[in-house]
Amino acid sequence: MLVTSVTGHLMELEFDDRFRRWHSCDPADLFHAPVRKSVPQDKQDIKRTLEEEARKCQWLVLWLDCDREGENIAYEVIDICAGANSRLNIWRARFSALIDREIHEAVQHLDRPNKLFADAVDARQEIDLRIGASFTRFQTMLLKDAFVLDDTGDDRNIILSYGPCQFPTLGFIVERFWEIQAHEPEEFWTINCSHTSDEGTASFGWIRGHLFDYSSAVVIYEMCVEEPMATVQNVRNQEKLKYPPYPLSTIELQKRASRYFRMSSEHTMKVAEELYQAGFISYPRTETDNFSPNIDLHSIVHEQVAHPNWGIYAQRLLDPEARLWRNPSNGGHDDKAHPPIHPTKFSAGETNWTDNHKKLYELVVRHFLACCSQPAVGAETTVEINIAGEQFNASGRVVLAKNYLDVYRFDSWGGTLLPTYIIGQQFVPTTLTLDSGVTRPPPLLAEADLLSCMDKAGIGTDATMHDHIKKLLDRCYATKDANTRFSPTNLGEALVMGYDEMGYELWKPYLRSMMEADMKSVSIGTKSKSEVLENCLQQMKACFLDARANKVKLFDAMGTFFARSSRPVNETQNVETVRPCAACNESEMFLKQRPTGEFMVGCRGFPQCRNAVWLPRSLSEAAVTDQVCPTCAPGPVYKIQFKFRRRDIPPNFDVDHLGCIGGCDDILKELMEISRFGSHSQTATPARNQNQTASGVRQGSSRQDLHTSFRPAGQFTNGQTPVVNPQGFRSTHTQSSGNASDGKTMWRTLRLGSVAGVGGAGAVAAGNHLNLHLQGGEAAPKGEAGGAGDGMLMA
């Protein structure tokens, strides 16, 4: 038998290379961009080991954690091993603790891997990747350079991440914060009464609670003062039970560790994992809070008899005469994979344990002993009195049998002993006062409260909730004080406010709750992985497009908390995707305004790709819209809303124009040429070489006019013929006085009957239009190597 191991997930889900760079595509494309699952470089050694061992074996027995995540890792191992040896007989071991009896039981009852569990994780991973990447790129590129996000100004590397679990979790924190901020204290009045006798003092509370109207409270109080005699109307004595907690699930472990020890959920899970790996507790990631009848609970209790602190209680629990034993209650949750968290090995404290290891082990043991115990028993007395028609009551409690409270020191159940009263008894109150108070807002959410909110709303799983909370702190969306209470940062509040102003509640838990329910449906086979992916991604893409269309709300919300950045305009200007780049086929073209005020559409791949379209200098404003040109390709090509300066364009053109830079917009072509040439007298001159350009034109750039895409001089598709665009093209301009009545500058199109590059080796077929826009002093095509002179056009 050969035994080896893996370290968590072997594979990572990633976008194809062309979509992995932030500026490689429109973030909306990530909802349907190709993804692949592969072994990263740092896991290649593990992969090779698995392949080598698989070739030698006939059986593969998988001993991964028995939850959905573990099942997904198991299938990653299967993919690698089966690739090396397709004849493997594959089995799955089911266990919940690393102890002898569990291991022997698992070996004797091997099972087949559960593909449905693995599919559920695959679906979640893909959904989270697509949603997270698209929204994160969108809001980071939109906002981080536009605002000063921290006091140091060193915010260039900040990632404004969005996660489908992370944001609803932030929403709980912000919502409670807003509730506190919106609270307006309101004064109220209440009547309090006490009576002291030889047996002690009883404090009576007003049945009405309190009144907000001072005059009404005074009137009732004066009635009581005028007739202060109190009459006992009712005395109730009843037995009360305080039940022990349900068996321990992961969420309860995190909540109680936070409440009792102020341990973060993330650190709690780290310590619990270490205790599990060392064999002291069962698997710490479980939703189950009831024990199977097959588990020998008495044996688990018996292992704790020797402990110096709770060993005596464990002995009492096993003693039938003590009548302390009670089978644990059923909490109603069962993940069908793991039992509740319980101790699996005795320890009085290991030498390498920290205080937190000791505390968490103690919590697990005491909780287990408590849930196997009888409830605490108390006698509760309630006395009701009447004063001038107003009702008051007082309650007292005496604990008759502590039972589970003897071992579960984290719970308390006290009370006060009331003096003896009988029905009909009358007395004059010792004190009778009218007291005032003010309403108070709820407190900030503690970590235990936040976990409860997430659990109730179905945000995350027992194994991931602590990660979502940690991510909020890491991203500076929230802070946690010494009392483990959360407050949103300005950044976290601004993001939630922006999405809230859109009216699309992306920060609410409803969408994620539905996703988690769908994942569960996949794991039990009622829905397919493909069905869940299609429905969920379609819904979230609609949310994304809606958010992008309303991005001004995000800007407004950020502006409430942060100053605009003082960086140069070309760095802070919001860049908006216009179309995919047809030159490099890897990045996207975006609209940007340069420091000089000029607008351009350039490739994000710069400087590797220098493809650019320079827009008219007559432009005063430009903004990309959500309208897609139905004609131009490769697409999508988004239309741009242009605003021109009236003085720089002919009177018959509108200053506002919704145009397309893809080549189909004739009006924009005219305006571009008018803007470029209408106010200058330029003469085309031959260039001495390919890199020699006119003043003001960058050397080596792939500068592109609206409808040009020519190949530099000397580059031909074969040995003789230069590349020619079959579309008509306007070149150098003249002013036509005879045709000026329409107010437009007229342009002469050079229709070249035959064109040849002097010194070149061939001619262009007659009737083609040369795809070249001549600017004064800009290079004309030169002949192939071997020509005697500089290249120039002949017609």
Side-chain angles (χ1 to χ4, degrees), residues 1-12 37-119 121-122 269-286 294-296 299-300 303 335-339 341-347 350-353 357 361 463:
M1 178 184 294
L2 298 172
V3 179
T4 187
S5 64
V6 296
T7 56
H9 279 281
L10 270 174
M11 299 182 177
E12 293 178 356
K37 201 170 186 181
S38 59
V39 179
Q41 193 60 40
D42 62 343
K43 301 287 181 71
Q44 287 294 327
D45 288 343
I46 298 176
K47 178 186 177 185
R48 281 191 290 270
T49 299
L50 290 175
E51 290 172 335
E52 291 171 5
E53 301 300 342
R55 293 187 186 102
K56 308 172 188 175
C57 300
Q58 290 78 44
W59 280 39
L60 171 64
V61 181
L62 299 155
W63 289 81
L64 287 308
D65 292 336
C66 297
D67 57 4
R68 292 185 204 167
E69 214 71 31
E71 210 71 12
N72 191 265
I73 299 172
Y75 271 89
E76 293 174 357
V77 174
I78 291 171
D79 286 346
I80 293 171
C81 292
N85 182 356
S86 60
R87 298 183 302 278
L88 281 173
N89 192 1
I90 301 171
W91 294 92
R92 183 72 160 93
R94 307 285 179 191
F95 60 98
S96 61
L98 299 178
I99 55 177
D100 288 348
R101 68 169 182 269
E102 287 278 346
I103 293 172
H104 286 296
E105 180 75 14
V107 169
Q108 293 166 14
H109 299 87
L110 293 176
D111 195 5
R112 296 295 183 183
N114 188 337
K115 188 67 166 65
L116 295 177
F117 272 28
D119 283 347
V121 174
D122 281 339
M269 293 310 297
K270 179 178 180 293
V271 173
E273 183 69 27
E274 291 170 356
L275 291 174
Y276 162 68
Q277 294 288 354
F280 291 102
I281 66 173
S282 61
Y283 189 64
R285 293 180 176 86
T286 177
N294 299 326
I295 296 180
D296 187 353
S299 296
I300 301 174
E303 290 179 348
D335 61 15
K336 306 297 182 183
H338 302 287
I341 304 169
H342 61 274
T344 54
K345 186 164 67 175
F346 170 81
S347 177
E350 304 300 305
T351 56
N352 63 336
W353 280 7
H357 286 84
Y361 180 73

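Note that the numbering runs from 1 along the sequence shown for the chain. Owing to the predicted nature of the structure, the values given are computational and were not obtained by experimental measurement. The basis for the numbers below is simple: all heavy atoms, side chains too, and nothing from hydrogens, waters or symmetry mates.
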Check: Y276 and T344 side chains under 4.5 Å, non-hydrogen atoms: no
Does the pair D79 and M11 meet the rule for a side-chain contact (heavy atoms from CB on, under 4.5 Å), with working shown? CA-CA 10 Å; D79 286 346; M11 299 182 177; 4.0 Å; yes
Test side-chain contact (heavy atoms from CB on, under 4.5 Å) on V107 and H104 and set out the steps. CA-CA 5 Å; V107 169; H104 286 296; 5.9 Å; no
Quick one: does L88's side chain get under 4.5 Å of C57's, heavy atoms only? yes
Report yes if the side chains of D67 and Y283 come closer than 4.5 Å at any heavy-atom pair, otherwise no. yes
Atom pair NE2/NZ of H9 and K37 - distance to nearest 0.5 Å: 6.5 Å
Taking the side chain as every heavy atom from C-beta outward, state whether I46 and I80 have any pair of such atoms under 4.5 Å apart. no
Gap separating the NZ atom of K345 from the OG atom of S282, nearest 0.5 angstrom: 13.5 Å
Find the distance between CD (Q108) and CG (L110) and round it off to the nearest 0.5 Å. 9.5 Å
Over all atoms of both residues, closest heavy-atom pair of H338 and T286: O-OG1, 3.3 Å
Closest heavy-atom pair, R68 versus V121, reported as atoms and distance to 0.1 Å, is O-CG2, 3.3 Å
Can E274 and K270 be counted as an ion pair, charged N to O under 4.0 angstrom? yes
Quick check: does any side chain N or O of Y361 sit under 3.5 Å from a backbone N or O of F280, one acting as donor and the other as acceptor? no
Working to the nearest 0.5 angstrom, can you tell me the gap between N114 CG and N72 CG? 11.5 Å
Considering non-hydrogen atoms only, spot the tightest contact between P284 and A272 and give its length. CB-CB, 3.8 Å
To check you understand the geometry: which heavy-atom pair defines the closest contact between V39 and Q44, and what is its length? O-NE2, 3.0 Å
Keeping the roles fixed (side chain from Y75, backbone from K115), state whether a donor-acceptor pair exists under 3.5 Å. yes
Exceeds 12 heavy-atom contacts within 6.0 angstrom, atom CZ of R112: yes
Would you call D65 and I73 a side-chain contact if the rule is heavy atoms closer than 4.5 Å? no
Using side-chain heavy atoms (C-beta onward) and a distance below 4.5 Å, is K43 in contact with E12? no
What's the separation between atom CG in L2 and atom NZ in K56, rounded to the nearest 0.5 Å? 6.5 Å
Return yes if some donor-acceptor pair links the side-chain N/O of R55 with the main-chain N/O of N85 below 3.5 Å, else return no. no
For W353 and L275, work out which heavy atoms get closest and say how close. CZ2-CD2, 3.6 Å
Taking all atoms of both residues into account, what is the closest heavy-atom pair of P113 and I90, and its distance? CG-CG2, 4.0 Å
Between R92 and C66, is there a side-chain heavy-atom distance shorter than 4.5 Å? yes
Less than 4.5 Å apart, side chain to side chain, heavy atoms only: is that true for E71 and L62? no
Check: R285 side chain, E273 main-chain N or O, donor-acceptor pair, under 3.5 Å: no
Rounded to the nearest 0.5 Å, how far apart are CG of D42 and OG1 of T7? 8.0 Å
Which salt bridge (charged side-chain N to carboxylate O under 4.0 Å, His left out) pairs, counting each pair once, include a residue from residues 100-111, with sequence neighbours left out? R94-D111
